[in-house]
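The next block holds one structure in the form of C-alpha cells; read it before the comments.
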Amino acid sequence: MVWSIYLSFNPHIKQEKYTTKQRLFNTMLLIIPAMNECYALQKNMDALLSLHDQCKNNFNLKLIFIDDDSNDGTTELLQKYSSIINVIVIHRVKPHAQEGKGPALEDALKRISNIVIPQSTLIGIIDADSHLNSNYLIKVWHTFEYSNYDLVQTRVDIFNTDSNLTNMQNFELSIYNGLLQMIRTNWGSALASGNGQFVTMSMAQEIGWSTSLLEDCEFSLRGLLKGYFGTFINIDSVQQEGVKTIKKLIRQRIRWCQGGLQCLTKYSFKIIKSNKIPNMIKVDIILFLTMPYLSIIITPASIISFLILILYANTNFVLSLSILLALLCIEYTTNTLMVLKQLKASEGNIKLSFNQIIKNVFSFSLYRWILAIVPFCSIVRQLSGHNSWDKTSHS
C-alpha cells in the first residue's frame, strides 16, 4: 500500500518529452512471433499489412513473422503472404523450434541482419493478437530519433475487458505497470516488458536474446550491464487480448515468475556490483526479482493475521470490524489514487468507463489473492528442474 501511495503522489511520474533530434532511423523491423497464431493472424493481417503505407513517409516498415513449427494452419497462412515485398516469413522446424520466445527472436535476428543497416534500423516486438496503428509506431520512431535511448517500452492495454478477470489484467498492465515503468524511467531506465518493446538493432545484435522464461527481463538486465538504457511511452499503447480463464492466467504467471527467479539467480550480484546501473534501478530490480521469495512469507502472514482478527472478533467485535474496514478503505483508496494518477499521466490516452474504474478499485485485491499461489508454484517448478517454455493460450 505504501508503494502504491508513493506511485500515486510522485510528481516525477510524467511523460518525458523529446524535442532535439539526435540521430536518424530509416527502417523498422516489426517482429511478430507466431507459433500457432492462425486465428489471431486471420483477424489482424489486413491491419498489419496496411501499416507499411501509413508509415512510409517516416520510415520503411517491414513485417517479420516467425512461424515456430506451427500445426494449426499458421504455416500455410503465412506462406500466402510471403511474396509481399515488405513481408518476411521465417519458418523454424523442430528440433530447433518451439524452444521459447527468446531463441525464436535470436534466430530471426541472425537471419535478417544482412538485409538492413544496423545503425539506422529499429526492431519492434509485438504479439500476433496486438492492436496498434501507425501513429503508435511513429511515436516510437520519434522517441528513438529525438533521444539517445536504445530501448523503448510502450504501455500495454487489454482490449477485451468484458469480464472481471480481463479487466483486472488491464488494471495491472495499463495502470500499475504503467506507473511503475514511468518511475523507473525517472530513476534511469525502463525495462522491456513483453508486448510492445522496441530496441535499436545495434543493441539487439550486441545483447541478443536467451532461453530464459522471462527473455524480455533478461534482455533488459544484460543491456543495463553494458550501459544500454530505456524509456517508456505512456501516452499511447499497444492493445492485446487478456487471458480469459484463471487456469490459463496462473499458468502464464508461473512462467513469468519462474523466469524472474532465473534472472535473480543469474544477475543479482552482477547488478549490485555494476557501476553503470543507477542505484534506484538496482533497488527496484532486486525487489522485483525477490518478490516471489518475499511472498512466501507475506502471504501466509496475511492469512494468519486475518484469522487472528476473525478470532478476536469473539472478544471485541467492533474493534475487529473497524480494523478490517479501515484496511479495506485504505486498499480501495490507494487503488483509486493509482487510477486517477495514471489517467492524468497518460495525458488522456487511457479511456476507462466509470464501470471499469469501479471494478478496478474494488476487485484488484481479489485478483491479487487469486495469483497468490503463483510464487509457490514457480519456486517448486524451478527447484524441481522444470524449465520448459509454455506459450500463453488466450482462446
Side-chain angles (χ1 to χ4, degrees), residues 29-42 45 62-83 87-116 123-130 192 194-195 197 199 201 203-223 243 247-248 250-263 265-267 377-378 380-395:
L29 306 179
L30 198 59
I31 300 179
I32 306 165
M35 187 184 85
N36 294 332
E37 293 285 5
C38 185
Y39 178 70
L41 289 174
Q42 284 176 331
M45 188 61 77
K62 292 183 179 293
L63 303 178
I64 316 293
F65 294 95
I66 307 175
D67 168 33
D68 210 19
D69 202 14
S70 301
N71 57 16
D72 70 334
T74 299
T75 303
E76 293 76 15
L77 176 66
L78 289 176
Q79 196 61 37
K80 296 177 182 178
Y81 296 96
S82 60
S83 61
V87 172
I88 297 174
V89 178
I90 295 173
H91 294 291
R92 306 180 76 231
V93 295
K94 292 178 180 178
H96 305 295
Q98 297 188 8
E99 301 168 313
K101 187 176 178 181
L105 293 173
E106 186 66 14
D107 184 26
L109 178 64
K110 292 177 181 178
R111 297 199 198 191
I112 62 180
S113 291
N114 61 347
I115 67 172
V116 292
I123 292 178
I125 303 165
I126 65 167
D127 294 346
D129 61 356
S130 298
N195 199 8
Q197 56 180 292
V199 300
M201 190 166 186
M203 177 183 179
Q205 288 181 322
E206 182 174 357
I207 304 302
W209 286 277
S210 69
T211 58
S212 170
L213 295 177
L214 201 61
E215 83 294 327
D216 48 6
C217 180
E218 180 165 6
F219 181 88
S220 297
L221 299 183
R222 291 166 64 175
V243 182
K247 181 178 179 180
K248 291 178 179 179
I250 290 176
R251 185 178 180 182
Q252 178 196 61
R253 300 312 169 88
I254 289 173
R255 172 168 60 84
W256 291 2
C257 188
Q258 186 181 359
L261 295 176
Q262 293 173 342
C263 289
T265 303
K266 193 172 182 179
Y267 294 102
C377 295
S378 302
V380 170
R381 183 177 164 86
Q382 181 69 13
L383 292 176
S384 61
H386 293 138
N387 298 311
S388 58
W389 183 79
D390 292 323
K391 181 182 182 297
T392 298
S393 175
H394 295 276
S395 59

Query raised in the report: Within the distance-only criterion (no hydrogens, no angle test), does the side chain of Ser82 pair as donor or acceptor with the backbone N or O of Val89 below 3.5 angstrom?
Result: no

Query - Criterion side-chain contact (heavy atoms from CB on, under 4.5 Å) on Ile90 and Ile112, from CA distance to verdict - result: CA-CA 9 Å; Ile90 295 173; Ile112 62 180; 4.2 Å; yes

Query raised in the report: So do the side chains of Asn71 and Met35 get within less than 4.5 Å of each other, counting heavy atoms only?
Result: no

Query - Flag for His91-Gln79: side-chain donor and acceptor within less than 3.5 Å - result: yes

Query raised in the report: How long is the gap from CD on Gln258 to CG on Leu261, to the nearest 0.5 Å?
Result: 7.0 Å

Requested in this report: Go through Ile125 and Lys101 one step at a time and tell me if the side-chain contact (heavy atoms from CB on, under 4.5 Å) criterion holds.
Outcome: CA-CA 11 Å; Ile125 303 165; Lys101 187 176 178 181; 3.9 Å; yes

Report task. Say whether, by atom type as modelled, one donor and one acceptor occur between the side chain of Ser70 and the main chain of Asp72 under 3.5 angstrom. Result -> no

Query raised in the report: Does the side chain of Val116 reach to within under 4.5 Å of the side chain of Met201, using non-hydrogen atoms?
Result: yes

Query - Main-chain N/O of Cys257 paired with Ser378 side-chain donor or acceptor, under 3.5 Å - result: no

Query raised in the report: Could you go step by step and tell me if Lys248 and Gln252 meet the side-chain contact (heavy atoms from CB on, under 4.5 Å) rule?
Result: CA-CA 6 Å; Lys248 291 178 179 179; Gln252 178 196 61; over 6 Å; no

**Report entry** pair Phe65-Glu37: side-chain heavy atoms closer than 4.5 Å
**Finding:** no

Query raised in the report: Which atom names give the shortest non-hydrogen contact between Leu77 and Cys38, and what distance separates them?
Result: CD2-O, 3.9 Å

Requested in this report: Indicate whether the side chain of Asp67 and that of Thr75 have a donor and an acceptor atom separated by less than 3.5 Å.
Outcome: yes

Query raised in the report: Would you say Glu218's side chain and Glu215's backbone share a donor-acceptor pair under 3.5 angstrom?
Result: no

Query raised in the report: Which heavy-atom pair separates Ile126 from Asn195 by the least distance, and what is that distance?
Result: CA-OD1, 3.0 Å

**Report entry** Side chain proximity check, Ile64 to Leu30, heavy atoms < 4.5 angstrom
**Finding:** no

Query raised in the report: Rounded to the nearest 0.5 Å, how far does CG of Asn387 lie from OG1 of Thr211?
Result: 8.5 Å

Report summary line: CD1 of Ile66 to CG of Leu105, rounded to nearest 0.5 Å, is 5.0 Å

Query raised in the report: Is the side chain of Glu106 donor-acceptor paired with the backbone N or O of Trp209 at a distance under 3.5 Å, no angle test?
Result: yes

Query - Side chains of Arg255 and Leu214 in contact at under 4.5 Å (non-hydrogen atoms) - result: no

Query raised in the report: Does a salt bridge link Arg92 with Asp107, judged by any charged N lying under 4.0 Å from a carboxylate O?
Result: yes

Query raised in the report: Looking at side-chain heavy atoms only, is the closest gap between Ile32 and Asp127 below 4.5 Å?
Result: no

Requested in this report: Considering non-hydrogen atoms only, spot the tightest contact between Glu76 and Gly73 and give its length.
Outcome: OE1-CA, 3.2 Å

Requested in this report: Considering non-hydrogen atoms only, spot the tightest contact between Gly100 and Asp68 and give its length.
Outcome: O-OD2, 4.4 Å

Report summary line: Rounded to the nearest 0.5 angstrom, the SG-CZ distance for Cys217 and Arg222 is 12.0 Å

Requested in this report: Would you confirm whether Gln262, through its side chain, and Leu213, through its main-chain N or O, come within 3.5 Å as a donor-acceptor pair?
Outcome: yes

Report task. To the nearest 0.5 Å, tell me how far Ser220 OG sits from Ile207 CD1. Result -> 10.0 Å

Requested in this report: Considering non-hydrogen atoms only, spot the tightest contact between Ala128 and Pro33 and give its length.
Outcome: CB-O, 4.1 Å

Query raised in the report: Ignoring hydrogens and geometry, is there a side-chain-to-backbone donor-acceptor pair from Ser384 to Arg381 under 3.5 Å?
Result: yes

**Report entry** Sidechain-backbone polar pair: Asp216 side chain, Gly194 backbone, donor-acceptor under 3.5 Å
**Finding:** yes

Report task. May I ask you to decide if Asp69's main-chain N or O and Gln98's side chain share a donor-acceptor pair within less than 3.5 Å? Result -> yes

